[in-house]
Amino acid sequence: MTFSERLEELEKAVIDRLELSSTLGELEELKAEYLSRKGKFSLLLRELKELPAEEKPKAGESANSLKKKLDELLQSRLLAFKEKGQKTPEEFFDFTLPGHRSWEGKHHPLTQVLDRIIEIFYGMGFEVAQGPDIETNYYNFDSLNFPQDHPARDMQDTFYLANDLILRTHTSPVQVRVFEKKNPPVKILAPGRVYRHEAINARSYCLFYQVEGFYVDEGVTFADLKGVLVAFVKEFFGKEVELRFRASFFPFTEPSAEVDIRCIICKGKGCSVCKYRGWLEILGAGMIDPEVFKAVGYDPEKYTGYAFGLGVDRIAMLKYRIDDIRLFYENDLRFLRQF
Ligand code: FA5
């Protein structure tokens, strides 16, 4: 192709693109591609030097006049677009505006606490098991030695579903479900949601999380139970945290205890979370009652075991100094983003 044919070809290409361009942005692109210093037109001009000397003046002249023509065409098109109110990309974007912040996904604070609890007990040899949220009266109460007239069975405390089904009020039924399937030694951790039809306040909600732990073998003692619970509390909250064991009662453990932690929120002075007592109860525990063993066919003469049930929400409240349990269930992103 001769030089002048190449010029013609370029002219046609630019004019076609001009016709097709409908925005200022497209015109700017066209200018950059063809008519800028590094554009296709400049590249073609460089080939002038290779032409025979006698052709150079004429070719140079037609190249210059074409460049002038195309620049003018482009300018007039740009002007027409601007008059219609179009803006160049630079004018269109305000680069000084603040950007949109994008948020990283995170686990819910209760999940984070649950994961940490599992991690600590896993390190002490516990395996994780799960039971259903919808339970029968048998697993939730009868098999755990609750008398027929126990107040916890009352409509006040339990969400009753159809027939014999209820929403479990604690994770202890997982003990019986595991005992039915496995023989000792068993060393299990059972995390999950539980439900109670009770008055809602700053430290009690109608649903919350528990982690059940239990260990059955020959020769397991109350000292073993104290050992794992103290180790857990120190590992989770730090060595300086104060805890105390209080005698208590559960139908499925004997003896029974509850563990309180010195309220981290008010440092023991008294606040709405600790009911102005300075201490907050975080778990119930005890030595598994022989009645429970009999129901699942374990020999109570041979085996002993301990069990405990941690209140995950209470532990999370203490860890993060949250003074109202309801915050965990409201799904307010301003709250959740802090964890
Ligand atoms: C029980 O649920 C027993 N199953 C615990 C247990 C397990 C005892 C194994 C012996 C052996 P309790 O009702 O006290 O016990 O609840 C255990 C923990 O759950 C409490 O210490 C508290 O931390 C938490 N908890 C209880 N009710 C609520 C509630 N409404 N909202 C939030 N946390 C609660």
Side-chain angles (χ1 to χ4, degrees), residues 110 113-114 117 121 126 131 135 139-141 143-146 150-154 156-159 166-179 186 188-216 220 222 224-226 228-229 232-233 236 243-261 263 273-275 277 279-289 291-293 304-319 322-329:
L110 288 177
V113 167
L114 211 50
I117 293 173
F121 282 105
F126 288 80
E135 263 301 1
Y139 285 108
N140 198 85
F141 296 124
S143 64
L144 291 167
N145 200 32
F146 277 82
H150 193 279
R153 295 188 183 224
D154 203 293
Q156 301 275 314
D157 276 323
T158 310
F159 286 109
I166 59 166
L167 291 176
R168 66 177 173 188
T169 59
H170 54 171
T171 43
S172 298
V174 185
Q175 290 183 37
V176 180
R177 288 185 174 275
V178 170
F179 297 156
V186 288
I188 298 285
L189 203 62
R193 245 189 191 191
V194 303
Y195 308 81
R196 287 188 197 177
H197 192 268
E198 61 178 45
I200 290 171
N201 58 41
R203 62 185 185 283
S204 297
Y205 201 58
C206 50
L207 60 98
F208 56 99
Y209 286 82
Q210 285 191 342
V211 171
E212 192 84 5
F214 45 96
Y215 176 36
V216 181
V220 176
F222 197 88
D224 296 319
L225 171 62
K226 266 189 106 168
V228 288
L229 292 178
F232 162 74
V233 168
F236 188 91
L243 74 158
R244 68 177 186 195
F245 283 76
R246 248 186 316 106
S248 184
F249 173 80
F250 296 102
F252 43 96
T253 48
E254 181 59 34
S256 304
E258 282 178 322
V259 171
D260 299 335
I261 287 210
C263 183
V273 175
C274 62
K275 289 197 233 170
R277 286 182 191 145
W279 295 88
L280 195 72
E281 172 201 317
I282 59 157
L283 66 92
M287 297 306 290
I288 298 169
D289 196 292
E291 289 302 314
V292 177
F293 284 168
T304 51
Y306 63 69
F308 56 85
L310 302 166
V312 177
D313 303 62
R314 299 265 174 91
I315 291 172
M317 288 169 82
L318 288 171
K319 179 174 169 76
I322 292 177
D323 63 6
D324 197 323
I325 189 171
R326 287 166 282 206
L327 288 163
F328 290 131
Y329 296 94

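Note that ligands are numbered from 1 as they come in the structure, with each ligand's atoms numbered from 1 the same way. The first residue in the sequence is number 1, and the count goes up from there.
Using the six-membered ring where Trp is involved, Y209 and Y329 have ring planes that are parallel, under 30° apart on the 30 and 60° scheme. In this structure, F121 and F232 have parallel ring planes: the angle between them is below the 30° cut-off, well short of the 60° mark. Ring pair H150/F146 is perpendicular by interplanar angle, where above 60° counts as perpendicular and below 30° as parallel.
In terms of protein heavy atoms, atom 24 (C) of ligand 1 is closest to G311 CA, 3.7 Å. Looking only at heavy atoms of the protein, atom 12 (P) of ligand 1 is closest to R196 NH2, 3.9 Å. Among all non-hydrogen protein atoms, the one lying nearest atom 16 (O) of ligand 1 is Q210 NE2, 3.4 Å. Of the protein's heavy atoms, R314 NH1, 3.3 Å lies nearest to atom 22 (C) of ligand 1. In terms of protein heavy-atom proximity, atom 30 (N) of ligand 1 is nearest to E198 OE2, 2.7 Å. For atom 15 (O) of ligand 1, the nearest non-hydrogen atom of the protein is F250 CE2, 3.4 Å. The protein heavy-atom contact nearest to atom 20 (C) of ligand 1 is E281 OE2, 3.1 Å. Regarding atom 6 (C) of ligand 1, its nearest protein heavy-atom neighbour is G284 O, 3.5 Å.
For T253, every heavy-atom contact with ligand 1 shorter than 4.0 Å involves the side chain, none the backbone. Contact annotation for I325 and ligand 1: only side-chain heavy atoms (C-beta onward) come within less than 4.0 Å of the ligand. At a heavy-atom distance under 4.0 Å, only side-chain atoms of E212, from C-beta outward, approach ligand 1.
Contact annotation: the side chain of L283 approaches that of L310 to within less than 4.5 Å [non-hydrogen atoms, C-beta and beyond]. Side-chain contact check for V228 versus Y215: every heavy-atom pair is 4.5 Å or farther apart. Contact annotation: the side chain of R277 never approaches that of D260 to less than 4.5 Å [non-hydrogen atoms, C-beta and beyond].
Evaluated by nearest non-hydrogen atom to atom 33 (N) of ligand 1, the leading choice among Y195, F249, F208, Y306 is F208.
Looking at every heavy atom in both residues, E258 comes nearest to G284 through CG-CA, 4.1 Å.
Between G309 and ligand 1, not a single N/O pair is under 3.5 Å apart. Any N or O atom pair closer than 3.5 Å counts here, and D313 shares no such pair with ligand 1.
Not close to ligand 1: F214, with no non-hydrogen atom less than 4.0 angstrom away. Ligand 1 lies less than 4.0 angstrom from a heavy atom belonging to A285.
In terms of modelled atom types and a separation under 3.5 Å, the side chain of Q210 and the main chain of T171 share a donor-acceptor contact.
A cation-pi arrangement, defined by a distance under 6.0 Å to the six-membered ring centre and an angle within 45 degrees of its axis, is present between R177 and Y139.
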